[in-house]
Amino acid sequence: MGSQPGHEAAVRYRGFLLLPQANQTWLVRPERSPMLMLPFRTPSCSLEEVKSMLNRRLSQKTNLFDAA
């Protein structure tokens, strides 16, 4: 079985899987449990924009832990 046309492979980035969707959006979810952040979907954007969104969310999460 080969890969299906139009389906790209997942990208691993900083402990998350970035899964391209058919409508040019992305599903971002942790690679394993326990989840430090819930999965989320992005609007239609590039891979670099998805990475930027994830970095922002991770930095906000870190700031919350520092404040506690």
Side-chain angles (χ1 to χ4, degrees):
M1 268 190 217
S3 65
Q4 297 176 356
H7 288 91
E8 296 182 36
V11 176
R12 285 188 169 153
Y13 181 71
R14 297 187 67 185
F16 289 82
L17 291 175
L18 312 178
L19 304 161
Q21 306 294 293
N23 61 356
Q24 308 302 316
T25 63
W26 294 81
L27 173 60
V28 179
R29 54 189 230 203
E31 282 188 282
R32 61 189 104 155
S33 284
M35 288 192 279
L36 299 176
M37 184 185 308
L38 293 174
F40 65 94
R41 291 188 187 274
T42 69
S44 179
C45 60
S46 71
L47 176 59
E48 292 305 314
E49 291 171 312
V50 175
K51 289 179 179 179
S52 177
M53 283 181 215
L54 180 57
N55 288 334
R56 266 194 313 273
R57 287 182 181 221
L58 287 172
S59 70
Q60 290 171 350
K61 196 71 138 170
T62 303
N63 291 340
L64 288 176
F65 286 132
D66 291 342

Between [atom1] on residue [X] and [atom2] on residue [Y], distance to nearest 0.5 Å:
{"X": "Y13", "Y": "N55", "atom1": "OH", "atom2": "CG", "result": "3.5 Å"}
{"X": "E48", "Y": "K51", "atom1": "CD", "atom2": "NZ", "result": "5.0 Å"}
{"X": "R41", "Y": "R29", "atom1": "CZ", "atom2": "CZ", "result": "9.5 Å"}
{"X": "R57", "Y": "L36", "atom1": "CZ", "atom2": "CG", "result": "14.0 Å"}

Might you work through the side-chain contact (heavy atoms from CB on, under 4.5 Å) test for T42 and M53, ending with a clear yes or no?
CA-CA 8 Å; T42 69; M53 283 181 215; 3.7 Å; yes
I need the minimum non-hydrogen distance between [X] and [Y], along with the two atoms involved.
{"X": "S44", "Y": "T25", "result": "N-CG2, 3.8 Å"}
{"X": "F40", "Y": "M37", "result": "CE2-SD, 4.0 Å"}
{"X": "R56", "Y": "S59", "result": "O-OG, 2.8 Å"}

Sub-4.5 Å side-chain heavy-atom contact between R12 and L17:
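Answer yes - side chains close enough.
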Would you say L47 ends up clustered with L54 if hydrophobic residues are merged whenever their side chains have heavy atoms under 4.5 Å apart, either directly or through other cluster members?
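Hydrophobic grouping puts L54 with L47.
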Just do the side-chain contact (heavy atoms from CB on, under 4.5 Å) check on V50 and V11 with the steps written out, would you?
CA-CA 11 Å; V50 175; V11 176; over 6 Å; no
